[in-house]
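So you know, we letter chains A, B, ... as the sequences are listed, proteins then strands, and number each from 1.
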2 protein chains.
Amino acid sequence: MTSHGDDVQGGEDRSGTGDRAAAKESPDVEVPAARERARAIPEAAVARLAVYLRVLSGFDEESVTTVSSEELAAAAGVNSAKLRKDLSYIGSYGTRGVGYEVSVLIGQIERTLGLTRKHSVAVVGIGNLGHALANYGGFPSRGFPVSALFDLDPDLDGVPVGGIPVRHVDDIVEVCQEREVTIGVIATPAQGAQEVCDRLVAGGVSCILNFAPVVLQVPDDVEVRKVDLAVEMQILSFHVARRQQDAATANGADLGPLDGAGPVPAEMDSVNGMVVRP
Amino acid sequence: MTSHGDDVQGGEDRSGTGDRAAAKESPDVEVPAARERARAIPEAAVARLAVYLRVLSGFDEESVTTVSSEELAAAAGVNSAKLRKDLSYIGSYGTRGVGYEVSVLIGQIERTLGLTRKHSVAVVGIGNLGHALANYGGFPSRGFPVSALFDLDPDLDGVPVGGIPVRHVDDIVEVCQEREVTIGVIATPAQGAQEVCDRLVAGGVSCILNFAPVVLQVPDDVEVRKVDLAVEMQILSFHVARRQQDAATANGADLGPLDGAGPVPAEMDSVNGMVVRP
DNA sequence: CTTTGTGAAAACATTCACAGCC
DNA sequence: GGCTGTGAATGTTTTCACAAAG
């Protein structure tokens with residue numbers, strides 16, 4: 001039910017719980033109640049919990065034992081009301097008038113995010129990015145040991161990268177089953193990505209982090225998140241454009257209502273379906 | 001205005017327009033009207049427009065000249081209503097009963113995203129990830145030429161990576177101003193990131209893509225997006241946990257509506273502020 | 001008849017503001 | 001006094017469903 005047909009995968013969107021199918025398939029029972037707990041946490045809040053966890057780890061290393069919602073929120077870059085709301089989804093672990101105990105909060109967030117269990121990771125596509133991912137210290141240190149690497153290139157077969165020998169993509173199914181890989185990272189070019197994805201799924205992998213610029217087709221019980229650098233850049237580009245346009249129109253507006261549209265290119269006059277200049 | 005204090009930066013969240021500050025600072029004029037156009041496009045829709053653009057480019061290469069909302073939506077992994085709504089934000093460029101002309105749509109989305117102008121990119125931190133980014137073909141091919149690389153390591157000074165010589169981070173301000181860099185990519189470890197960010201901003205960079213696991217402090221007129229691999233993994237982990245838990249509770253619930261709440265822990269009755277069981 | 005474009009409704013997420021507890 | 005936890009209010013995004021257009 002997660003990440004099926006509609007909804008752009010991972011990366012940017014992050015809205016909608018992705019659980020519409022569950023509601024549809026049993027119209028008799030309104031709310032299954034028992035399986036609500038985890039589902040009840042908004043997708044957006046889950047993402048922030050991961051950020052809080054990192055910030056809390058920092059506090060913990062500095063031997064800070066207690067934080068207020070205000071402090072934690074500031075460090076995480078959110079406002080305190082949102083932080084308290086997010087934490088309320090996982091339970092009440094604060095003390096009124098005092099704040100939260102860092103170690104308790106770390107434990108509860110880890111439990112909620114399922115980090116008490118190790119998730120072994122496979123990286124497919126050992127090019128520039130795959131290399132970087134295989135060597136990325138952030139994975140193992142946070143409970144995500146990289147336990148398999150794959151590439152199409154036979155020359156790489158057996159070559160160790162970051163201490164792990166690369167295997168051929170033909171072995172994906174076998175190796176993933178054997179090592180109980182739960183998370184597959186796709187760092188291949190676009191062409192191979194769907195095929196790789198299919199093999200990962202056949203190997204029992206239920207979560208995929210996709211760096212390839214394609215929309216993957218997966219069964220309903222597989223979760224996909226997408227990181228697309230080009231998309232990120234284009235979103236930034238949009239904001240540059242908006243800012244420049246704002247600045248341009250502000251110039252025209254400040255000096256009273258003379259022409260104002262002087263430096264604006266010709267095709268500018270109809271944007272967004274609204275005629276801006278008569 | 002964009003990405004200030006509240007709101008987790010980039011990456012996950014992507015909600016809220018981020019323009020609250022603009023509204024606050026001029027309480028006299030209710031809606032400035034002229035600077036509305038681009039702002040009116042929801043953040044989430046902007047991200048999807050970038051995806052549509054990639055899919056459309058694919059169609060274009062296959063010499064497909066016309067697509068319906070249904071086809072395009074399927075290829076982009078969204079539902080057609082959402083796609084049409086998204087496209088409606090940038091104008092009416094379809095033909096009822098027929099569909100959209102691929103080339104027209106590509107042009108309009110590029111214009112909306114500000115891709116008619118080149119954005120030169122600087123990458124800071126030439127480690128594993130920085131290397132991958134410097135060599136990443138997706139940037140230049142999509143109008144984002146990488147025009148500067150920086151690293152702290154003096155040994156790298158002058159060494160070409162992907163054809164571009166690495167410069168020392170001390171030169172960031174100077175080089176960014178000189179080459180009119182608009183987008184800065186931070187691929188350094190956490191420690192250096194804020195300092196690097198400050199220099200990029202001093203060098204006139206108004207958009208930052210941050211791979212370092214820290215929340216950056218920036219002026220209101222700088223846009224930050226964050227890509228955090230550990231966070232992505234943890235979100236996936238959460239979904240694994242939720243699925244397993246669902247499966248476990250489903251075992252207890254399948255056998256008809258006898259007690260039904262049997263295996264539910266005590267704290268279950270109040271979730272999300274609503275009493276689930278009477 | 002097919003498909004777009006879009007108001008209106010529903011779902012979702014954030015912020016407010018304050019009761020309740022320490 | 002200070003801070004958490006949370007209903008209620010507000011704002012945003014998605015979905016529905018259908019009139020308008022070719």
Side-chain angles (χ1 to χ4, degrees), chain A residues 5-8 12-24 31 39-49 66-74 77-101 104-105 108 272-274, chain B residues 5-8 12-20 23-24 31 39-49 66-74 77-101 104-105 108 267 270-275:
Chain A
D6 51 71
D7 226 19
V8 167
E12 174 49 23
D13 193 31
R14 257 40 82 58
S15 38
T17 57
D19 257 65
R20 290 171 290 273
K24 276 177 213 150
V31 177
R39 229 260 307 282
I41 304 179
E43 188 73 9
V46 172
R48 285 189 301 262
L49 285 172
T66 306
V67 280
S68 68
S69 62
E70 207 68 60
E71 291 166 321
L72 184 50
V78 302
N79 72 41
S80 64
K82 197 190 278 182
L83 177 128
R84 288 199 303 277
K85 188 64 130 185
D86 288 344
L87 293 182
S88 81
Y89 294 125
I90 68 173
S92 301
Y93 302 107
T95 309
R96 292 169 196 233
V98 179
Y100 302 89
E101 208 184 317
V104 171
L105 223 41
Q108 292 303 327
N272 205 350
M274 286 159 49
Chain B
D6 51 73
D7 228 17
V8 168
E12 174 53 24
D13 192 32
R14 258 35 84 59
S15 38
T17 56
D19 258 65
R20 290 171 290 273
K24 276 179 215 146
V31 177
R39 227 258 309 281
I41 304 178
E43 188 72 10
V46 172
R48 287 189 300 264
L49 285 172
T66 305
V67 281
S68 67
S69 62
E70 207 70 60
E71 292 166 320
L72 184 50
V78 301
N79 72 40
S80 64
K82 197 190 276 184
L83 178 128
R84 288 199 303 278
K85 190 61 135 184
D86 288 345
L87 292 183
S88 81
Y89 294 125
I90 67 171
S92 300
Y93 302 107
T95 308
R96 290 166 198 234
V98 179
Y100 301 88
E101 206 184 318
V104 171
L105 224 41
Q108 292 304 328
E267 76 270 27
S270 166
V271 177
N272 207 348
M274 285 159 51
V275 173

Report task. Take the protein atom CG of B:L72 and the nucleotide atom C1' of C:dT3, then report the distance between them rounded to whole Å. Result -> 14 Å
Requested in this report: Could you say whether B:K85 or A:V67 is positioned toward the 5' end of DNA chain D, judged by the nucleotide with the nearest heavy atom to each?
Outcome: A:V67
Query raised in the report: Can you tell me if the side-chain N/O atoms of B:S69 get under 4.0 Å from OP1 or OP2 in C:dT4?
Result: yes
Query raised in the report: Nearest-Å distance, CD (A:E71) to P (D:dC3)?
Result: 8 Å
Report summary line: Rounded to whole Å, CG of A:L83 lies from P of C:dA13 at a distance of 17 Å
Report summary line: In whole angstroms, the gap separating C1' of D:dT14 from CG of B:N79 amounts to 8 Å
Report summary line: Rounded to whole Å, the CZ-C1' distance (A:R84 to C:dA13) equals 16 Å
Query raised in the report: Hey, which of these two, A:A81 or B:Y100, hits DNA chain C nearer its 5' end, going by closest nucleotide?
Result: B:Y100
Query raised in the report: Which residues satisfy the side chain to side chain contact (heavy atoms under 4.5 Å, CB included) test with A:Q108, sequence neighbours excluded?
Result: A:I90, A:Y93, A:V104, A:R111
Report task. Using atom NZ of A:K82 as one end and atom C1' of D:dA9 as the other, report the distance to the nearest whole Å. Result -> 17 Å
Query raised in the report: Residues in side chain to side chain contact (heavy atoms under 4.5 Å, CB included) with B:A45, at least two apart?
Result: B:I41, B:P42, B:R48, B:D86, B:Y89
Query raised in the report: What distance separates B:N79 CG from B:E70 CD, expressed to the nearest 0.5 Å?
Result: 8.5 Å
**Report entry** Integer-rounded Å distance: C:dT3 C1' and B:E101 CD
**Finding:** 16 Å
Pairs: protein N or O with nucleotides 20-22 of chain D N or O, under 3.5 Å:
| unit_1 | atom_1 | unit_2 | atom_2 | d |
| --- | --- | --- | --- | --- |
| D:dA20 | N3 | B:R96 | NH1 | 2.8 |

Query raised in the report: Within this structure, what is the CG-to-P distance between A:D86 and D:dT4, rounded to whole angstrom?
Result: 14 Å
